[in-house]
Amino acid sequence: MKPGIPKGTRDFLPKEVARRNFIFNTMRTVFVKYGYQPIETPAMENLSTLTGKYGEEGDKLLFKVLNNGDFLSKADEQALEAKDSQKLVSSISKRGLRYDLTVPFARFVVMNQNDINFPFKRYQIQPVWRADRPQKGRYQEFYQCDVDVVGSNSLMLEAELVQIYDEVFSKLGLDVTIKINNRKILAGMAEAAGIADKLVEMTVAIDKLDKIGKEGVRKEMIERGIPDTAVDTIEKILEVKDLDTLKPLLANSEQGTKGIEELQAVFDFLDSYQMNNTLNFEITLARGLSYYTGFIVEVAADKVDIGSIGGGGRYDDLTGIFGMKDMSGVGVSFGAARIYDAMTALDSFPAEAEENLQLLLIAFDEASHRYAFKCLNQLRAAGIVAELYPDPVKLKKQMKYANGREVKFVALAGDTEMSNNTLALKNMETGDQEQKSLEDIIKFFT
RNA sequence: GUGGGUAUAGCUCAGUUGGUUAGAGCGCUAGAUUGUGGUUCUAGAGGUCGCCGGUUCAACUCCGGUUACUCACCCCA
């Protein structure tokens, strides 16, 4: 049969996994340093946990898992008859693959509230699935790396998350711009423009500014039913570059004023911290997700045009739908695939990101193969990453394998080496070769 | 959900206005070379030209349909 994998999914070669792990490990180190604890949730959630959380569009993008057994016998016959797929789903599928890490986290918090300490700081690095049409840099299966705090309103946490972004990206060697804003400021804008009821429409349009430009945003807002005069007001406010200028413009809006105060508080916390990257107040930052209620943040790589490589914000009541009121949360997410792509484009992976084989042993015949195997065990015991070619086949074949593995040193074992208890250590780059005792080889590598 | 592109050897791809036996590079196997790789050279294995149908004396090539993948849009990371 012809091999294949589902669309929007990928295989990862050893080199890619090593590099991805480098990214994950860097993040973990920082997360742990800031006191965040790891959790994991199942790949599958109850479909009822997921549906309705991501809007109508989101529901369509949920992967549903078909019930086991004779699922048709319990199927909704009317829906089946009418070929109404939407309606049929609930009777033949009770589980779905998780769409993000935030909603499962909310569910997790409510279910495990007796076992966790609040405020609860967690990080989570796991794949998520979306039944979206794939395109460049967008897949149906991809990793999300989320850091969230639930159970505290403190704006210190916003500042802390900005620091985490700053530290992770500087450790990864990526120059980034961290853009922050506050949803309440956007709400204030809508209020000032007299279109408080059209906040979502306005937000969705503004969010596209980078992509479709000022004119495009104007067009989109008008198409979404925002009057010309309101659009004029909004456009004027969008020109603002700093909080002080903004203050009088939103003075009549309680929400807007609160948003400015909150954002100012975040900046004040960060006064004592020396940023490695650029931190900007960006009034045009909106972010798509509707559950954000306060602080919002997005990260873009400076030297490569790859879109957003991370984002997040505060959501006042995420756990409410699961029956736990007044649990404020704030969190950010790292887009692993895009960070990988950005680092690849800039060639900024350090050599140690690849855990390479240090030494390959090669034997000429059965007897020396046994001898090499003994040496191998001692080398490994000394902590050297070593391997013996499994069969004493032709040298050419074994050397070819060594080239393929990109191993820097090969140790050859034959009659001569066996008789004087050595190995012939060969540098694959220079071609130099020298007879060395096992002790000398171990010393050489350690 | 809407629109475009592609589908030929294990992989990446050529294939002329439709014409005899469908090619290249890489990879694989063997040899030149019984203790030495990256460069060479020689030979070999490997194909339902995505699938179904139509046009034609003749289809990898043209037409219709279909499936898969992919790119862009909507939305999103």
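Just so it is clear: chains get the letters A, B, ... in the order the sequence lines come, proteins before strands, and each one is counted from 1.
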*With a 4.0 Å cut-off on heavy atoms, is G414(A) in touch with a base, just the backbone sugar-phosphate, or nothing at all?*
base
*Is the shortest side-chain N/O distance from K397(A) to OP1 or OP2 of rG37(B) below 4.0 Å?*
no
*Using the P atom on both, measure rG18(B) against rU56(B) and round to a whole Å.*
16 Å
*For nucleotides rG64(B) and rU70(B), find the distance between their C1' atoms and express it as a whole number of Å.*
23 Å
_Separation of atom CG in L412(A) from atom P in rU34(B), rounded to whole Å_ = 17 Å
*Strictly by modelled atom types, are R380(A) and N377(A) linked by a side-chain donor-acceptor pair under 3.5 Å?*
no
_Over all strands shown, is Q398(A) touching base, sugar-phosphate only, or nothing at heavy-atom distances under 4.0 angstrom?_
nothing
*asked:* Please report the distance, rounded to the nearest Å, between NZ in K426(A) and P in rG38(B).
replied: 11 Å
*Describe the nucleic acid contact of S333(A) in one word from base, sugar-phosphate, nothing, applying a heavy-atom distance below 4.0 Å.*
nothing
Under 3.5 Å, which N/O atoms of the protein pair with N/O atoms of nucleotides 67-72 of chain B?
from: rC69(B); atom 1: OP1; to: K7(A); atom 2: N; distance (Å): 3.1
from: rA72(B); atom 1: OP2; to: Q135(A); atom 2: OE1; distance (Å): 3.4
from: rA72(B); atom 1: OP2; to: K136(A); atom 2: N; distance (Å): 2.7

*When only distance counts, do a donor and an acceptor, one from the side chain of N403(A) and one from the base of rG38(B), lie under 3.5 Å apart?*
no
*Quick one: label G431(A) by what it contacts on the DNA or RNA (base, sugar-phosphate, nothing), any heavy atom closer than 4.0 Å.*
base
*With heavy atoms under 4.0 Å as the rule, sort K394(A) into base, sugar-phosphate or nothing.*
sugar-phosphate
*Chi angles and distances behind the salt bridge (Lys or Arg N to Asp or Glu O under 4.0 Å) call for E439(A), K443(A)*: CA-CA 6 Å; E439(A) 293 75 46; K443(A) 243 180 257 164; over 6 Å; no
*Could you tell me which residues satisfy side chain to side chain donor-acceptor pair (under 3.5 Å) with K136(A), sequence neighbours excluded, listed by chain and number?*
none
Give each protein N/O atom lying under 3.5 Å from an N/O atom of nucleotides 39-45 of chain B, with the pair distance.
none

_Whole-Å gap separating P (rG27(B)) and OH (Y401(A))_ = 17 Å
*With sugar-phosphate meaning primed atoms plus P, OP1 and OP2, does Y139(A) contact a base, only sugar-phosphate, or nothing at under 4.0 Å between heavy atoms?*
base
*Got more than 12 heavy atoms from elsewhere within 6.0 Å of OH, Y273(A)?*
yes
_side chain to side chain contact (heavy atoms under 4.5 Å, CB included) assessment of M324(A) paired with V109(A)_ = CA-CA 9 Å; M324(A) 196 175 183; V109(A) 167; 4.3 Å; yes
*Distance between P atoms of rU66(B) and rU2(B) (Å, rounded)*: 13 Å
*Send over the distance from D365(A) CG to rU34(B) P, rounded to a whole Å.*
15 Å
*So, do Q124(A) and P38(A) sit near enough that their side-chain heavy atoms are less than 4.5 Å apart?*
no
_Before you tell me yes or no, could you show the steps for L186(A) and R183(A) under side chain to side chain contact (heavy atoms under 4.5 Å, CB included), namely the whole-Å CA-CA distance, both residues' side-chain angles and the distance that decides it to 0.1 Å?_
CA-CA 5 Å; L186(A) 293 166; R183(A) 269 287 165 85; 4.0 Å; yes
*Just how far, in rounded Å, is P of rC76(B) from CG of L285(A)?*
13 Å
*Within the structure shown, what part of the strands sits under 4.0 Å from Q140(A) by heavy-atom distance: base, sugar-phosphate, or nothing?*
nothing
*Atom P, compared across rG1(B) and rU20(B): separation rounded to whole Å*: 43 Å
*Indicate whether the side chain of N46(A) and that of T49(A) have a donor and an acceptor atom separated by less than 3.5 Å.*
no
*Non-hydrogen side-chain atoms of N403(A) and M428(A) separated by less than 4.5 Å*: yes
*If only side-chain N and O atoms of K400(A) are considered, is one of them under 4.0 Å from the OP1 or OP2 phosphate oxygen of rC28(B)?*
yes
*Between A413(A) and L61(A), just flag the one whose closest nucleotide in RNA chain B comes earlier from the 5' side.*
A413(A)
*asked:* Under 3.5 Å for both pairing distances: what stems, at least three Watson-Crick or G-U pairs long, include RNA chain B?
replied: B:1-7 with B:67-73, B:10-13 with B:23-26, B:28-32 with B:40-44, B:50-54 with B:62-66
*Separation of D132(A) CG from E57(A) CD (nearest 0.5 Å)*: 8.5 Å
Cut-off 3.5 Å, no hydrogens considered: what does the side-chain donor-acceptor table look like for residues 332-351 of chain A, sequence neighbours left out?
from: S333(A); atom 1: OG; to: D146(A); atom 2: OD1; distance (Å): 2.8
from: R338(A); atom 1: NH1; to: S308(A); atom 2: O; distance (Å): 3.1
from: T344(A); atom 1: OG1; to: Y340(A); atom 2: O; distance (Å): 2.7

*Check the surroundings of atom NZ in K198(A): do more than 12 heavy atoms from other residues, nucleotides or ligands lie under 6.0 Å from it?*
yes
*Whole Å only: how far is the CZ atom of F409(A) from the P atom of rG37(B)?*
19 Å
*Rounded distance in Å between the P positions of rG37(B) and rG31(B)*: 14 Å
*For rC76(B) and rG5(B), measure between their P atoms and round to the nearest Å.*
28 Å
*Could you measure between the two P atoms, the one in rG53(B) and the one in rG4(B), and give it in whole Å?*
26 Å
*asked:* Taking only the C1' atom of each, what is the distance from rG46(B) to rG10(B) in whole angstrom?
replied: 8 Å
Could you give the side-chain donor-acceptor pairs of residues 221-228 of chain A under 3.5 Å, partners two or more places apart or in another chain?
from: R224(A); atom 1: NE; to: E220(A); atom 2: OE2; distance (Å): 2.9
from: R224(A); atom 1: NH2; to: E220(A); atom 2: OE2; distance (Å): 2.8

*Could you check how far CG of L395(A) sits from C1' of rU36(B), rounded to whole Å?*
5 Å
*Partner of E45(A) under salt bridge (charged side-chain N to carboxylate O under 4.0 Å, His left out), chosen from R107(A), R98(A), R95(A)*: R107(A)
*Separation of rU36(B) C1' from D415(A) CG (nearest whole Å)*: 15 Å
